[in-house]
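Side chains included, hydrogens not; waters and symmetry mates left out as well; all remaining heavy atoms used. None of these values were measured; they are calculated from a predicted model.
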Amino acid sequence: MNEMADQKASGRKIPDYTMPIVALQDRVQHLSSSGNYVSVLWQQPESLVFVARGRTYRSEFHINPSDEVMYQIKGEMRLHYRTPEGKEEIAVIPEGSAIHTPAGIPHSPRFAADAYALILERERRPGEIDIFQWFCPECDNLLHEEHYGVGDYGTDPVAQAYRNFFYNEDHRTCKKCGHVMPNALAEAEAQAGKTLGSND
């Protein structure tokens, strides 16, 4: 009995799906020329994959309900993360290397605007929430936390979380030591001469 007959006999259904083949360098060039930050390769229940360009204003820690694998296509990533004891650590991912970040670990991938990473996650399940946390750079007190239900990644849903934080001075003001975190997003937008966060 051949393989197709085996599948029919067992009742298994073969997915009707065209498997995409994506040239990563083409996506890198597109992001570089367009100024966008995210280019989604595909979104499936168990596989969400996109190429990301570095955001110089990124300082938040992301708590993802899904595991993540990050592969550094170009440039170096400094992945800040927080331990169970609340200590901030940094993992350096050189170009051509990858790292696995399990669900629930607060992490902050930081890399230059001319650096690019391939991110592998999965689509969010009903009721799952992504959390974004900012900490005071002076005393490490929690400044603000955003909760988001992430849907279509092609719309760059996390961009609004950044805007909610940076364009609210109260969110950026430490209730413990009084330090006001600069509006790094506004500085980046002024430097770019346009509003950042648009996508494909």
Side-chain angles (χ1 to χ4, degrees), residues 37-38 48 50 52-72 75-94 97-122 124 127-151 153 155-192 195-197 199:
Y37 284 103
V38 176
L48 164 61
F50 57 93
R53 182 167 69 90
R55 306 181 196 239
T56 57
Y57 53 86
R58 189 161 191 181
S59 58
E60 90 297 341
F61 287 81
H62 177 205
I63 302 175
N64 194 334
S66 160
D67 281 18
E68 284 188 49
V69 173
M70 290 169 268
Y71 169 73
Q72 197 63 20
E76 178 184 273
M77 177 192 292
R78 298 178 68 82
L79 183 68
H80 295 239
Y81 65 96
R82 302 187 77 88
T83 67
E85 297 74 32
K87 183 180 179 182
E88 183 174 336
E89 301 281 2
I90 302 174
V92 179
I93 300 97
S97 298
I99 190 169
H100 170 233
T101 304
I105 293 182
H107 61 283
S108 182
R110 304 177 191 179
F111 46 106
D114 60 352
Y116 301 84
L118 181 71
I119 313 297
L120 299 89
E121 307 181 0
R122 63 161 169 75
R124 304 305 186 260
E128 287 187 330
I129 297 295
D130 287 60
I131 300 172
F132 302 88
Q133 298 176 326
W134 286 264
F135 292 84
C136 177
E138 296 296 319
C139 71
D140 203 39
N141 185 53
L142 178 65
L143 289 177
H144 181 66
E145 185 172 280
E146 288 276 333
H147 291 224
Y148 259 80
V150 175
Y153 230 94
T155 63
D156 193 10
V158 301
Q160 188 58 47
Y162 301 140
R163 302 194 71 79
N164 290 350
F165 171 72
F166 283 113
Y167 282 98
N168 187 317
E169 187 171 317
D170 185 62
H171 292 343
R172 294 185 286 109
T173 301
C174 181
K175 306 305 184 289
K176 183 177 179 181
C177 73
H179 175 75
V180 180
M181 190 172 175
N183 186 342
L185 176 56
E187 294 172 6
E189 289 180 339
Q191 185 174 4
T195 299
L196 305 179
N199 263 301

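A salt bridge (Lys or Arg N to Asp or Glu O under 4.0 Å) check over residues 173-183, counting only residues at least two apart or in different chains, returns the pairs D170-K175.
Checked by atom type, the side-chain pair D130/H147 shows no donor-acceptor distance below 3.5 Å. A donor-acceptor pair shorter than 3.5 Å can be found between the side chains of R124 and N64.
Annotation for E89: atom CD counts as buried by contact number, over 12 foreign heavy atoms lying within 6.0 Å.
Ring orientation note: the planes of F50 and Y153 are close to parallel, at an angle under 30° on the 30°/60° scale. Aromatic ring pairs are classed by plane angle as parallel below 30°, tilted from 30° to 60° and perpendicular above 60°; the pair Y57 and Y162 is perpendicular.
With respect to R110 and E60, no salt bridge is recorded, no charged nitrogen being found less than 4.0 Å from a carboxylate O.
R172 places a side-chain N or O within 3.5 Å of a backbone atom of F166 that can act as its donor or acceptor partner.
A centroid separation of 6.0 Å or more is found between the aromatic rings of F132 and F61.
Residues passing the salt bridge (charged side-chain N to carboxylate O under 4.0 Å, His left out) test with E146, sequence neighbours excluded: none. L118 is linked by a side-chain contact (heavy atoms from CB on, under 4.5 Å) to L24, L41, V49, V51, Y71, I73, L120, counting only residues two or more places apart in sequence or in another chain. The side chain to side chain donor-acceptor pair (under 3.5 Å) check on N183 picks up nothing, with sequence neighbours excluded. Residues that satisfy the side-chain contact (heavy atoms from CB on, under 4.5 Å) test with P84, not counting sequence neighbours, are absent from this structure. Scored by the salt bridge (charged side-chain N to carboxylate O under 4.0 Å, His left out) test, D140 finds R82 as partners (sequence neighbours excluded).
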